[in-house]
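For reference, the structure discussed in these notes is given below.
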Protein chains: 2
Amino acid sequence: MPQTAQPLYQQIKDYLLKEIQDGRWKEGEVIPSENALARQFGASRMTVNRAVRELTAESVLKRIQGSGTYVAPRKYQATLVAIKNIADEVRGRGHRHSSKLLRLERGEARDAHIMQFEVEPGHLLFHSIIVHFDNQVPIQYEDRWVNAKVAPGYMDLDFSVSTPNEYLMRVAPLQGVKYSIEAVNAPSEIARYLAVPEDEACLVLYRTTYALDQVASVATMWYPGSRYQFEGRI
Amino acid sequence: MPQTAQPLYQQIKDYLLKEIQDGRWKEGEVIPSENALARQFGASRMTVNRAVRELTAESVLKRIQGSGTYVAPRKYQATLVAIKNIADEVRGRGHRHSSKLLRLERGEARDAHIMQFEVEPGHLLFHSIIVHFDNQVPIQYEDRWVNAKVAPGYMDLDFSVSTPNEYLMRVAPLQGVKYSIEAVNAPSEIARYLAVPEDEACLVLYRTTYALDQVASVATMWYPGSRYQFEGRI
DNA sequence: TAGTGGTCTAGACCACAGC
DNA sequence: CTGTGGTCTAGACCACTAT
């Protein structure tokens with residue numbers, strides 16, 4: 001087989017994708033069996049199997065044992081937005097990331113924190129407020145509460161070299177994340193730190209992370225609407 | 001082989017994952033070769049290959065031909081937010097979705113549209129403005145331009161029964177989506193339709209969709225910050 | 001040169017669906 | 001029952017890396 005071209009299984013994948021993309025095989029219809037494709041391409045069944053299996057994993061196809069292979073129902077219309085670590089993102093743009101620690105303190109769980117962290121009143125928590133800059137321009141105001149049980153060394157961190165995120169990822173494997181994005185008019189204190197007019201629309205990302213079977217941290221991140229956006233593509 | 005248990009390739013995957021999860025094989029380290037694993041499990045190389053290849057596709061491992069298989073570097077820290085079709089979302093909450101068509105017209109590409117749609121000046125476009133309601137409460141102001149070449153029947157739609165999205169998905173297979181999310185203070189007209197105070201912070205989703213190798217539509221969707229949020233979990 | 005991953009084959013046996 | 005997908009083997013040749 002000439003390897004100058006694509007591998008055979010990839011050629012088969014491309015063929016299948018093209019048939020679907022061009023509408024010759026419609027949603028829900030059966031496509032040729034593995035044996036038929038093997039004959040058509042002069043390939044072994046294993047090679048065809050790999051092509052079809054991978055497309056099934058990519059949810060382009062759907063297989064039913066004993067029945068056949070079908071074109072998968074149209075993908076659930078969802079747009080995915082990727083939210084990256086702020087420091088990585090700034091560096092990824094080729095800019096310089098820096099941060100300023102506004103507050104670092106220990107506190108006890110009370111009121112809303114008891115619900116958010118699912119802990120007893122009085123449970124030890126750490127609290128930090130940090131402003132992140134992209135080339136000296138403030139782009140994120142981060143208010144974070146951290147579970148001392150998960151990150152006991154949080155107060156000893158040097159936030160000028162590592163971000164809270166990086167530390168939390170290091171001390172405990174992340175088990176899950178829950179988040180929401182809202183738009184909120186900036187209150188005066190936050191507007192001041194972000195250097196925007198009071199009441200400017202801000203993107204606010206609430207994020208709760210889970211590690212070691214507990215709530216690890218609860219963070220509220222404010223981004224000025226005038227100079228920050230989440231983006232992506234499929 | 002007793003099929004009461006998991007398939008062999010899956011057992012091998014589980015074994016590899018456990019070694020990594022338990023920290024016996026650390027980030028960047030080499031793992032045993034395919035031949036070594038084949039001997040260890042009494043499996044053929046093809047079976048081991050499948051296990052390792054799938055874990056590589058899941059970016060748990062990294063393979064270098066001629067060199068070896070390594071534990072992949074730390075997963076890219078990204079949070080994914082899913083944005084669904086507004087009608088589906090409202091119905092998913094068990095509420096009633098309705099919409100009001102504020103404007104429907106044909107127009108020609110000019111200025112910014114020429115860039116956005118990548119077409120010649122004068123290219124036929126359709127323009128619609130719709131407000132979507134969740135149980136009578138306005139939650140989205142949708143301003144959309146559509147490429148007439150892709151959706152020639154757009155002007156004949158009954159927007160009270162199907163949303164633009166549903167129609168566009170039906171007439172042409174979606175090839176791609178590009179989007180961004182911003183926070184913007186509501187201008188007076190939009191604030192009026194969303195029934196919020198002027199200058200209230202709004203989530204704004206810009207979305208460009210591609211179909212038939214062209215730009216299919218460009219939409220700007222405004223959500224009142226006070227009663228809408230994107231959310232999700234991992 | 002020896003060892004690694006990358007691909008491929010020609011069989012095989014099994015579980016399951018549909019007739 | 002036949003045909004489908006699901007899995008597996010024991011080879012094989014190749015391209016590449018390391019020594």
Side-chain angles (χ1 to χ4, degrees), chain A residues 1-20 24-73, chain B residues 1-20 24-73:
Chain A
M1 300 300 137
Q3 293 306 78
T4 54
Q6 295 250 299
L8 187 46
Y9 78 89
Q10 186 60 55
Q11 293 178 37
I12 298 174
K13 283 181 72 172
D14 291 343
Y15 165 78
L16 297 173
L17 277 171
K18 187 150 176 47
E19 292 294 306
I20 294 169
R24 278 185 290 278
W25 296 339
K26 296 207 168 58
E27 200 175 308
E29 288 181 6
V30 214
I31 74 166
S33 73
E34 291 193 352
N35 280 316
L37 287 168
R39 277 194 303 274
Q40 179 177 340
F41 281 88
S44 78
R45 216 194 114 199
M46 271 301 276
T47 301
V48 172
N49 178 272
R50 175 167 175 184
V52 177
R53 180 157 35 79
E54 290 188 359
L55 287 178
T56 303
E58 296 162 20
S59 44
V60 171
L61 298 175
K62 186 176 173 206
R63 317 197 76 179
I64 300 176
Q65 189 176 132
S67 172
T69 302
Y70 305 83
V71 178
Chain B
M1 302 298 139
Q3 292 306 78
T4 54
Q6 295 250 297
L8 188 45
Y9 78 89
Q10 186 60 55
Q11 293 178 37
I12 298 175
K13 284 182 72 172
D14 291 344
Y15 166 78
L16 297 173
L17 278 171
K18 187 151 175 47
E19 292 294 305
I20 294 169
R24 278 186 289 279
W25 297 338
K26 297 205 168 58
E27 201 174 304
E29 287 180 9
V30 210
I31 75 165
S33 72
E34 291 193 353
N35 281 316
L37 288 169
R39 277 194 304 275
Q40 179 177 340
F41 282 89
S44 77
R45 216 194 114 200
M46 270 300 276
T47 302
V48 172
N49 179 272
R50 174 168 176 183
V52 177
R53 181 157 35 78
E54 290 188 359
L55 288 178
T56 303
E58 296 162 20
S59 41
V60 171
L61 299 174
K62 185 177 174 206
R63 316 197 78 179
I64 300 177
Q65 188 175 133
S67 173
T69 302
Y70 305 84
V71 178

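Here is the naming used below: chain letters follow the sequence lines, and residue numbers restart at 1 for every chain.
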Measure from [atom1] on [X] to [atom2] on [N] and round the result to the nearest Å.
{"X": "Lys13(A)", "N": "dT7(C)", "atom1": "NZ", "atom2": "P", "answer": "11 Å"}
{"X": "Asn35(B)", "N": "dA10(D)", "atom1": "CG", "atom2": "P", "answer": "13 Å"}
{"X": "Gln11(A)", "N": "dC8(C)", "atom1": "CD", "atom2": "P", "answer": "8 Å"}
{"X": "Arg63(A)", "N": "dA15(C)", "atom1": "CZ", "atom2": "P", "answer": "18 Å"}
{"X": "Lys62(A)", "N": "dA17(C)", "atom1": "NZ", "atom2": "P", "answer": "12 Å"}
{"X": "Leu8(A)", "N": "dC13(D)", "atom1": "CG", "atom2": "C1'", "answer": "15 Å"}
{"X": "Arg39(B)", "N": "dT9(D)", "atom1": "CZ", "atom2": "C1'", "answer": "17 Å"}

List the residues meeting salt bridge (charged side-chain N to carboxylate O under 4.0 Å, His left out) with [X], not counting sequence neighbours, and say none if there are none.
{"X": "Arg45(B)", "result": "Glu34(B)"}
{"X": "Lys62(B)", "result": "none"}
{"X": "Glu19(A)", "result": "Arg24(A)"}

Contact check, residues 45-57 of chain A vs DNA chain C, heavy-atom distance under 4.0 Å, returns Arg45(A), Met46(A), Thr47(A), Arg50(A)
So, with a heavy-atom separation below 4.0 Å from DNA chain C, the residues of residues 64-71 of chain B are Ile64(B), Gln65(B), Gly66(B), Ser67(B), Gly68(B), Thr69(B)
OP1 or OP2 of dC8(D) versus the side-chain N and O atoms of Tyr9(B): is any pair under 4.0 Å? no
For a quick test of reading the model: is some side-chain N or O of Ser33(B) closer than 4.0 Å to OP1 or OP2 of dT4(C)? yes
From the list Gln6(A), Lys18(A), Glu58(A), side-chain contact (heavy atoms from CB on, under 4.5 Å) partner of Lys13(A) resolves to Glu58(A)
By nearest-heavy-atom nucleotide on DNA chain D, the more 5' of Glu34(A) and Gly42(B) is Glu34(A)
Please tell me if the side chains of [X] and [Y] come closer than 4.5 Å, counting only heavy atoms from C-beta onward.
{"X": "Val30(B)", "Y": "Val71(B)", "value": "no"}
{"X": "Val48(B)", "Y": "Leu8(B)", "value": "no"}
{"X": "Leu17(B)", "Y": "Leu55(B)", "value": "yes"}

Whichever of Ile31(B) and Gln10(A) has the more 5' nearest nucleotide on DNA chain C, that residue is Ile31(B)
inquiry  = We want to know whether Tyr15(B) and Gln40(B) form a side-chain donor-acceptor pair, criterion being a heavy-atom distance below 3.5 angstrom.
reply    = yes
Contacts satisfying ring-ring contact (aromatic ring centres under 6.0 Å, His included) that involve residues 45-69 of chain B (not counting sequence neighbours) are none
